[in-house]
Amino acid sequence: MASLKRILVTGGAGFLGSHLCERLVADGHDVVCVDNFFTSQKSNVAHLLGHKNFELLRHDIIHPLWLEVDEIYNLACPASPGHYQYNPIKTLKTSVMGAINVLGMAKRCRAKVLQASTSEVYGDPEVHPQPESYRGSVNTIGPRACYDEGKRAAETLFMDYHRANGVNVRIVRIFNTYGPRMHPFDGRVVSTFIRQALAGEPITIFGSGHQTRSFCYRDDLVEGIIRMMDAPDDFSGPVNLGNPGEFTIRQLAEKTLALTGSKSKLVEKPLPVDDPERRRPDITLAKARLGWEPTIELEAGLTRTIEWFHSVNIADFRAPTPNY
Ligand code: NAD
Ligand code: UDP
């Protein structure tokens with residue numbers, strides 16, 4: 001069929017990438033998943049290995065890769081603060097050299113290429129909620145800069161390849177997303193709170209817990225990414241993808257306790273440097289251009305995520321960094 005495509009997903013074994021691969025394989029596309037397993041494990045895609053339209057390649061995206069594809073989803077990059085700060089120089093290399101490598105491939109193959117950018121390009125925002133037109137407030141020399149500036153540079157590369165070489169690019173800015181297959185030791189707030197609640201350990205609230213985030217369920221997010229890849233060619237973005245429902249971290253802790261029935265205590269820990277105080281996406285553009293908005297409320301998504309945490313054996317997961 002003419003609509004079937006050869007699709008590369010970098011970071012395809014990760015939390016979001018593995019669900020994206022699942023969707024694309026189910027739609028019948030020929031999917032190549034490339035991953036170096038820095039923050040994921042093969043078990044995330046083991047169920048796809050038997051499919052004749054799925055291929056798994058262990059490869060580090062900072063090195064060039066020679067494939068012939070029609071579309072590229074560039075998701076390879078450590079995403080949680082603990083993971084991306086573990087080896088900050090490698091994080092920058094992954095964002096910048098990874099972008100150059102997929103853009104080079106897209107240019108050679110005339111492929112469409114989508115970049116998984118982030119709300120972190122807005123830094124600790126002075127504008128709330130954040131529209132795509134806001135240019136951000138990032139501390140260029142702080143501990144989050146390896147990720148924030150790497151993703152900002154990647155956006156620049158995408159737009160320069162588009163203007164200079166006519167590459168068909170797409171940029172999505174993803175806001176905090178959660179769901180099944182988050183690494184239990186990634187240190188992100190949803191996975192950490194659920195793991196702590198289920199183990200009866202103290203729930204670690206950083207700072208006062210009054211900082212806010214907006215949490216999008218994985219399935220909604222992946223639907224948005226695919227719609228952006230399929231959008232008309234005159235729309236490169238960037239476009240925000242996230243759930244506008246905004247919660248304090250303390251509210252998230254209380255919801256997690258209620259949904260797990262845990263008796264864990266809340267304990268305060270120091271707030272990490274440059275931790276953004278407020279974050280909420282303005283998704284007007286995604287609604288208008290992609291007809292997309294999230295459908296899964298926080299409690300429903302947390303319930304599904306908690307079910308998944310119940311279904312796995314935490315001991316099967318290797319903590320990729322000491323930062324958990
Ligand atoms: P994840 O850590 O589960 O997935 C990232 C994947 O990339 C992992 O499988 C990892 O092993 C792989 N990877 C890392 N460096 C690599 C390299 N050099 N070469 C090849 N593979 C490499 O995280 P995720 O939440 O699934 O994030 C996926 C993408 O979405 C990332 O680019 C991230 O920056 C972006 N994003 C995610 C969120 C979120 O809330 N989940 C928010 C904003 C942006
Ligand atoms: N956070 C927390 N306790 C934890 C982990 C995170 O209070 O054990 C806070 C963190 O300080 C931040 C928010 O939760 O304010 C979201 O953190 P996460 O690492 O999930 O993502 P990001 O800061 O990149 O949005």
Side-chain angles (χ1 to χ4, degrees), residues 8-11 14 16-17 20 61-62 71-81 84 88-107 111-127 129-142 144-177 216 221 224-229 231-242 274 276 279-286 289-290 292:
L8 166 64
V9 181
T10 76
L16 292 177
L20 176 62
I61 200 62
I62 71 167
E71 289 181 354
I72 306 166
Y73 290 87
N74 187 37
L75 272 61
C77 187
S80 82
Y84 67 65
I89 297 164
K90 179 64 192 274
T91 299
L92 254 169
K93 281 187 181 173
T94 296
S95 273
V96 173
M97 295 161 78
I100 291 171
N101 287 331
V102 295
L103 285 161
M105 186 190 297
K107 181 179 166 188
K112 229 193 283 186
V113 56
L114 177 145
Q115 168 66 0
S117 191
T118 169
S119 53
E120 282 283 322
V121 300
Y122 302 124
D124 191 2
E126 305 113 324
V127 172
Q130 294 80 54
E132 292 82 356
S133 55
Y134 175 52
R135 292 184 185 175
S137 168
V138 173
N139 175 7
T140 60
I141 56 171
R144 299 175 84 100
C146 60
Y147 182 72
D148 301 8
E149 295 295 354
K151 291 285 189 179
R152 287 171 67 98
E155 287 197 7
T156 306
L157 282 162
F158 267 65
M159 291 314 295
D160 282 338
Y161 268 77
H162 176 59
R163 280 186 292 258
N165 295 315
V167 176
N168 190 344
V169 302
R170 318 283 153 129
I171 300 170
V172 294
R173 291 181 179 157
I174 303 170
F175 284 64
N176 297 64
T177 302
C216 187
L221 198 282
I225 290 183
I226 292 174
R227 285 197 196 194
M228 183 55 176
M229 183 63 100
D233 286 347
D234 66 347
F235 185 47
S236 296
V239 63
N240 288 339
L241 293 180
D274 292 336
R279 183 182 286 159
R280 171 151 64 101
D282 178 334
I283 59 164
T284 311
L285 188 63
R289 294 301 307 260
L290 309 177
W292 177 87

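In this chain, residues are counted from 1 in sequence order. All of these numbers come straight from a predicted model, not from anything done at the bench.
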Between CD on residue Glu149 and OG on residue Ser95, distance to nearest 0.5 Å:
10.5 Å

Would you mind telling me which of Leu114, Asp160, Leu103, Ile72 makes a side chain to side chain contact (heavy atoms under 4.5 Å, CB included) with Val169?
Leu103

Heavy-atom check, side chain of Ile100 versus side chain of Tyr161, under 4.5 Å:
yes

Could you report the tightest heavy-atom contact between Ile174 and Ala116, atom names first, then the distance?
CD1-CB, 3.9 Å

Value for CE (Met159) from CG (Leu157), rounded to nearest 0.5 Å, stands at 11.5 Å

Give, for atom CD1 of Ile89 and atom SG of Cys146, the distance between the pair rounded to the nearest 0.5 Å.
9.5 Å

Passes side-chain contact (heavy atoms from CB on, under 4.5 Å), Val127 versus Asp282? Steps please.
CA-CA 10 Å; Val127 172; Asp282 178 334; over 6 Å; no

Decide yes or no on side-chain contact (heavy atoms from CB on, under 4.5 Å) for Tyr147 and Val138, but give the supporting numbers first.
CA-CA 10 Å; Tyr147 182 72; Val138 173; over 6 Å; no

Using only atom types and a distance under 3.5 Å, with no angle test, would you say the side chain of Asn101 pairs donor to acceptor with the backbone of Ile61?
yes

Check step by step if side-chain contact (heavy atoms from CB on, under 4.5 Å) holds for His162 and Ser236.
CA-CA 9 Å; His162 176 59; Ser236 296; 3.8 Å; yes

Is the ring pair Tyr122/Phe175 parallel, tilted or perpendicular, if the boundaries are 30 and 60 degrees?
tilted

Point-to-point distance, once rounded to the nearest 0.5 Å, from OG of Ser117 to CD of Glu132:
11.0 Å

Any heavy-atom pair between the side chains of Leu241 and Leu290 that's under 4.5 Å?
yes

Would you check if Val172 and Leu221 make a side-chain contact, meaning some heavy-atom pair closer than 4.5 Å?
no

Does a side-chain heavy-atom distance below 4.5 Å link Val113 with Met105?
no

Measuring from atom CZ of Arg144 to atom CG of Asp274, what distance do you get when rounded to the nearest 0.5 angstrom?
7.5 Å

Interatomic distance, Ile62 atom CD1 to Leu92 atom CG [nearest 0.5 angstrom]
11.5 Å

Will you find, in the side chains of Thr10 and Asn74, an N or O donor that is under 3.5 Å from an N or O acceptor?
yes

Please examine the side chains of Ile225 and Met229, heavy atoms only from C-beta on, and report whether any two atoms are closer than 4.5 Å.
no

Contacts satisfying salt bridge (charged side-chain N to carboxylate O under 4.0 Å, His left out) that involve residues 91-102 (not counting sequence neighbours) are none

Assess whether a salt bridge exists between Glu120 and Lys151, defined as any Lys/Arg side-chain N lying under 4.0 Å from an Asp/Glu carboxylate O.
no

Which residue pairs satisfy the salt bridge (charged side-chain N to carboxylate O under 4.0 Å, His left out) criterion with at least one member in residues 166-176, sequence neighbours excluded?
Glu155-Arg173, Arg170-Asp233

Any side-chain heavy-atom pair of Asp234 and Arg289 under 4.5 Å
yes

How close do Gly242 and Ile283 get, heavy atom to heavy atom, and via which atoms?
O-CG2, 3.6 Å

Answer whether the closest heavy-atom distance between the side chains of Tyr134 and Asn240 falls below 4.5 Å.
no

If you define the side chain from C-beta out and look only at heavy atoms, does anything of Ile141 sit under 4.5 Å from Asn139?
yes

Let me see the working for Thr156 and Arg152 under side-chain contact (heavy atoms from CB on, under 4.5 Å), right down to the final yes or no.
CA-CA 6 Å; Thr156 306; Arg152 287 171 67 98; 5.6 Å; no

Closest non-hydrogen atoms of Asp124 and Pro276, given as atom of the first, atom of the second and distance, are OD1-CA, 3.4 Å

